[in-house]
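Because the structure is a prediction, the values reported are computed rather than measured. Below, each value reflects all heavy atoms present in this structure, side chains not excepted, and no hydrogens, waters or symmetry copies.
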Amino acid sequence: TRKSGWTQTLSHVGLARKEGRPGGQWHPDVRPLVSSERWLRLHGLRRNKLTLSQIVSQLGFPRREGFIRSLGRRVASRYAVGLFHQYATPEGGKVYNLTAKEELLHQCGESLTRAAELLRQRLEWLTSESRQIFGVIQETSVAVVLDLGSLAGPRLALCQEAVVLVLREQVAHLAGFNVIRAGKVVAKWQEAAVPVDEASVGSAVAWIRSLEAGPVDVLLIVLQIEAIYYLVAGDLPQETKQELLRMISKSPCPVHPVSFNATEEGTIGILKELSSLTRGRFHAFAERTAQLDLPESTSKASESERSCSRRKLKGRSPPGAGVREDVFLVWRELEEARYTLSQVQALLTAFSAPARDATSGLYSFTLLMKLKKAVGFPGRGDGTENGEA
């Protein structure tokens, strides 16, 4: 039936992530490189008139209530009891008289189900592939700065593949970029940001795979770009932390620190403070598995080996990293969609039952009118007799 087509999805709209989804299978509306706040303004429940209050207001009108001074209490109208189905909102108990046809409620349910599925996909998209490490790159021109520390072997290869992934998935859609390696001697892929095209991305990928780890000095680079994505692999040396804060806090553009496999909460704390000082966003990634099966020399690795590396990029937020705001906003909207779906289901149940008072049980409108006529009560025609407005 039409009802079962969307109500059955209620139990399936959850937070469980799939282990992988090819990029071409994402809904086009899921993939814009914008903040969650901006994305929700376009695709959220309120924009599409799918919040519970918006849905209920389309289905009927609120029961009239007011304070009667002569009675010294609030009263509510009962003229609609038995005439309309009624619904009391869970928050506040506001009662609506439902005048719409059941067909409109089905349409609202179907629209809400589609919105919930889009939210679920956006949540999955935000927490997969390069977004689980760097978040969503929202600027049009950026510099990716790499602090590789003392990484070597498979650990270095994993970090390099993480940067390659963000170049191919996100930077490839921007206007300009540069890649810089922090160290005693700063190494720049290009002297300044260059336009994005297939050749420039391919060149940057090859350059990244040729890098080796080395000692890191305090970083201070002035670039003609909108933002810096500062990836720190492992933990920061204790002696450089405060100097790093002092120097990078002078950056003329936002610095978005990305912690990659840090083991000390002190590193996480410093990078979070750095993001706050520069109006940036903080992201952290910790690999899920202890054993990595990665090629030693990624510069000569085959595409199949690199694909294997990409599949190994699965992890979580490390202790102390906190909750990602962009993920939380979409999760909260999805929870609201799930709750509203359950209320729409309750409304459908109300439509299938005899008309009743939403708060006091079953009444018969016809019987009430007959009783008034029998006792000769004149009434005023507005349903406010006997203290009931």
Point to revise | Euclidean distance, L50 CG relative to R114 CZ, rounded to 0.5 Å | key: 9.0 Å

Practice item. List the steps and the verdict of side-chain contact (heavy atoms from CB on, under 4.5 Å) for H283 and I133. Key: CA-CA 6 Å; H283 294 280; I133 304 170; over 6 Å; no

Point to revise | For P319 against I268, the heavy-atom pair lying closest together | key: O-CG1, 4.2 Å

Practice item. For T278 and V255, indicate whether the former's side chain and the latter's backbone hold a donor-acceptor pair under 3.5 Å. Key: yes

Check your understanding: How far apart are the C-alpha atoms of S141 and L174, what are their side-chain angles, what is the distance that settles it, and do they pass the side-chain contact (heavy atoms from CB on, under 4.5 Å) test?
Key -> CA-CA 6 Å; S141 181; L174 309 183; over 6 Å; no

Review point. Any luck finding a side-chain donor-acceptor pair between T140 and E226 under 3.5 Å?
Key: yes

Point to revise | T51 side chain to Q54 side chain, donor-acceptor N/O pair below 3.5 angstrom | key: yes

Review point. Measuring from E117:CD to R122:CZ, what's the distance to the nearest 0.5 Å?
Key: 14.5 Å

Review point. Any side-chain heavy atom of S200 sitting closer than 4.5 Å to one from F177?
Key: yes

Point to revise | Cationic tip of R31 above W125 ring, under 6.0 Å, 45° of axis | key: no

Study note, to complete from the structure: Nearest heavy-atom approach of A321 to S317 is CB-CB, 4.2 Å

Check your understanding: Stepwise, does the side chain to side chain donor-acceptor pair (under 3.5 Å) test hold for N178 with Q190?
Key -> CA-CA 6 Å; N178 198 2; Q190 300 290 337; over 6 Å; no

Point to revise | Spacing of CD belonging to E198 relative to CZ belonging to R168, to within rounding of 0.5 Å | key: 10.0 Å

Study note, to complete from the structure: Interatomic distance, CG@L211 vs CG@L156, rounded to 0.5 Å, equals 8.0 Å

Review point. Which residues satisfy the salt bridge (Lys or Arg N to Asp or Glu O under 4.0 Å) test with R47, sequence neighbours excluded?
Key: none

Review point. Which atoms form the tightest heavy-atom contact between R155 and N261, and what is the distance?
Key: NH1-ND2, 4.5 Å

Point to revise | Between H256 and E139: side-chain donor-acceptor atoms closer than 3.5 Å | key: yes

Practice item. With the side chain counted from C-beta on, respond yes when V136 and W39 share a heavy-atom pair under 4.5 Å apart, and no when they do not. Key: no

Check your understanding: Is a side-chain donor or acceptor of E333 paired with a backbone partner of G44 at a separation under 3.5 angstrom?
Key -> no

Practice item. State, yes or no, whether a side-chain contact exists between V144 and I180 at a heavy-atom distance under 4.5 Å. Key: no

Review point. Judged by atom type as modelled, is there a donor-acceptor pair below 3.5 Å linking the side chain of S36 to the main-chain atoms of D326?
Key: yes

Check your understanding: Has the side chain of T340 got a donor or acceptor atom that lies under 3.5 Å from a matching backbone atom of E336?
Key -> yes

Check your understanding: Is a side-chain N or O of S111 found less than 3.5 angstrom from the main chain of C108, in a donor-acceptor match?
Key -> no

Practice item. For residues L33 and Q170, determine if any side-chain heavy atom of one lies less than 4.5 Å from a side-chain heavy atom of the other. Key: yes

Check your understanding: Rounded to the nearest 0.5 Å, what separation is found between the CG atom of L119 and the CZ atom of R338?
Key -> 11.5 Å

Review point. Should F285 and C159 be marked as a side-chain contact (heavy atoms from CB on, under 4.5 Å) after you check the CA-CA gap, both sets of side-chain angles, and the distance that decides it?
Key: CA-CA 11 Å; F285 172 87; C159 185; over 6 Å; no

Check your understanding: Would a distance-only check, ignoring hydrogens and angles, find a side-chain to backbone donor-acceptor pair under 3.5 Å from W189 to R181?
Key -> no

**Study point:** Non-hydrogen side-chain atoms of P254 and I228 separated by less than 4.5 Å
**Key:** no

Check your understanding: Do T127 and Q132 get their side chains close enough for a donor-acceptor pair, meaning under 3.5 Å?
Key -> no

Exercise for review: May I ask you to decide if L236's main-chain N or O and E264's side chain share a donor-acceptor pair within less than 3.5 Å?
Suggested key: no

Revision key, fill the gap. Correct closest heavy-atom pair for L52 and Q343 would be CD1-CB, 3.8 Å

Review point. Taking it one step at a time, do L271 and V258 satisfy side-chain contact (heavy atoms from CB on, under 4.5 Å)?
Key: CA-CA 8 Å; L271 294 178; V258 179; over 6 Å; no

Review point. So, the side chain of R281 versus the backbone of G135: is there a donor-acceptor pair under 3.5 Å, distance only?
Key: no

Check your understanding: Going from OG on S259 to CG on L274, what distance comes out if it is rounded to the nearest 0.5 angstrom?
Key -> 12.0 Å

Check your understanding: Between V232, L158, L146, which is the residue that forms a side-chain contact (heavy atoms from CB on, under 4.5 Å) with F260?
Key -> L158

**Study point:** S210 (side chain) donor-acceptor with W207 (main chain) under 3.5 angstrom
**Key:** yes

Check your understanding: Got L341 and T113 here, is their nearest side-chain heavy-atom distance under 4.5 Å?
Key -> yes

**Study point:** Heavy-atom check, side chain of V196 versus side chain of H173, under 4.5 Å
**Key:** no

Check your understanding: More than 12 foreign heavy atoms under 6.0 Å from CZ of R38: is that the case here?
Key -> no

Exercise for review: Report yes or no: do L123 and L42 belong to one cluster of Ile/Leu/Val/Met/Phe/Trp/Tyr joined by side chain heavy-atom distances under 4.5 Å?
Suggested key: no

Practice item. Check whether any side-chain heavy atom of K272 sits under 4.5 Å from a side-chain heavy atom of F282, and report yes or no. Key: yes

Check your understanding: Of the non-hydrogen atoms in S251 and C253, which two are nearest, and what is the gap between them?
Key -> OG-O, 2.7 Å

Study note, to complete from the structure: When every non-hydrogen atom of V145 is compared with those of A182, the smallest separation belongs to CG1-CB, 4.3 Å

Check your understanding: Just by modelled atom types, is the H27 backbone N or O under 3.5 Å from a matching donor or acceptor in the Q121 side chain?
Key -> yes

